[in-house]
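I have placed the structure first, in the form of C-alpha cells, so that the comments after it can refer back to it.
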Amino acid sequence: MKLKVSVSDSELEILEVLWDANKALNAAQIRNVLNEHKSWERTTVLTLIQRLLKKEVIKQEKREVYYYEPCIEREEYIREETKNFVQKFFKGNIKNMAAALVNSDSLTKEDIEELRDYFNQK
C-alpha cells in the first residue's frame, strides 16, 4: 500500500491504540485507553476517528455500535512514512540522511557500531 495521506500526530495516537489492541475497538474503548495519559473529550476522539475514516486509514464495522480497525499494519505505515521522509528531506537519498545524522552528532559511536553490525548481518 502506498500511503498517500498525511496522518496528524493526534490521529496517529488513535492508530497506535488500534494497533496495540490488535482487534477492533469502539470509540469508548479507544477513549478509555487514551484517557490513561490524555484527557480528550468524546467529541475530539470522534472527530479524529472520522478524519481517519475519510482518509481510509481505518475502517468501521456496525455492531451494537461502530467498531474501528486499521487498514494498514503499523510496520507498513512506518515503512511508507520513512520513505516519504527520506524523499521529502533528502531527495530520496538514504546516504544523505545517514550523513546528516552523523554530522549532527545525533548518533553516538555506539549507535554507529550497532548500525554497522546490523547492516553487516543483512
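Between atom CZ of residue R31 and atom CD of residue E41 there is a gap of 6.0 Å, rounded to the nearest 0.5 Å. Here the CZ-CG distance, from R51 to L46, works out to 12.0 Å after rounding to the nearest 0.5 Å. Note that CD1 of I14 is 7.0 Å distant from CG of L52, once rounded to the nearest 0.5 Å. Interatomic distance, T47 OG1 to R42 CZ, rounded to the nearest 0.5 Å: 10.0 Å. To the nearest 0.5 Å, atom CG of residue L101 and atom CG of residue N96 are 11.0 Å apart. Note that CD of Q29 is 11.5 Å distant from OH of Y68, once rounded to the nearest 0.5 Å.
With hydrogens and angles ignored, the 3.5 Å screen pairs no side-chain donor or acceptor of R74 with any backbone N or O of E16. Looking only at distances, a side-chain donor or acceptor of D111 sits under 3.5 Å from a matching main-chain atom of T108. Although no hydrogens or angles enter the test, the distance criterion places no donor-acceptor pair under 3.5 Å between the side chain of E81 and the main chain of I78.
By the criterion of side-chain heavy atoms lying less than 4.5 angstrom apart, applied directly or through intervening Ile, Leu, Val, Met, Phe, Trp or Tyr residues, L25 is grouped together with L12 in one hydrophobic cluster. Both W19 and I58 sit in one connected hydrophobic cluster of ILVMFWY residues. Membership requires side-chain heavy atoms under 4.5 Å apart, directly or through other members. Hydrophobic cluster membership differs between Y67 and L15, with clusters built from Ile, Leu, Val, Met, Phe, Trp and Tyr side chains linked at under 4.5 angstrom.
Scanning all heavy atoms of the two residues, the minimum distance from I112 to L107 falls at CG1-CB, 4.0 Å. The shortest non-hydrogen separation linking Y77 to V7 is OH-CB, 3.7 Å. Annotation for R63 and A24: closest pair NH2-CB, 3.7 Å, computed over non-hydrogen atoms. Smallest separation of non-hydrogen atoms from F90 and A100: CE2-CB, 3.6 Å. Of all heavy-atom pairs spanning V86 and M97, the tightest one is CG2-SD, 3.7 Å. Considering all non-hydrogen atoms of both residues, C71 and K59 come closest at SG-N, 3.6 Å.
Evaluation of the ring pair (Phe, Tyr, Trp, His ring centres under 6.0 Å) rule for F89 yields F85 as partners, not counting sequence neighbours.
The number of heavy atoms from other shown groups lying within 6.0 Å of NZ (K109) does not exceed 12. Other residues, nucleotides and ligands place more than 12 heavy atoms under 6.0 Å from the CD atom of E61.
In this structure, E80 pairs ionically with K83, as a charged nitrogen and a carboxylate oxygen lie closer than 4.0 Å.
Using a 4.5 Å cut-off on side-chain heavy atoms (C-beta onward), E69 and L18 make no contact.
Results of the side chain to side chain contact (heavy atoms under 4.5 Å, CB included) test with I30 over N26, L34, V33, N32 single out L34 as the only residue that passes.
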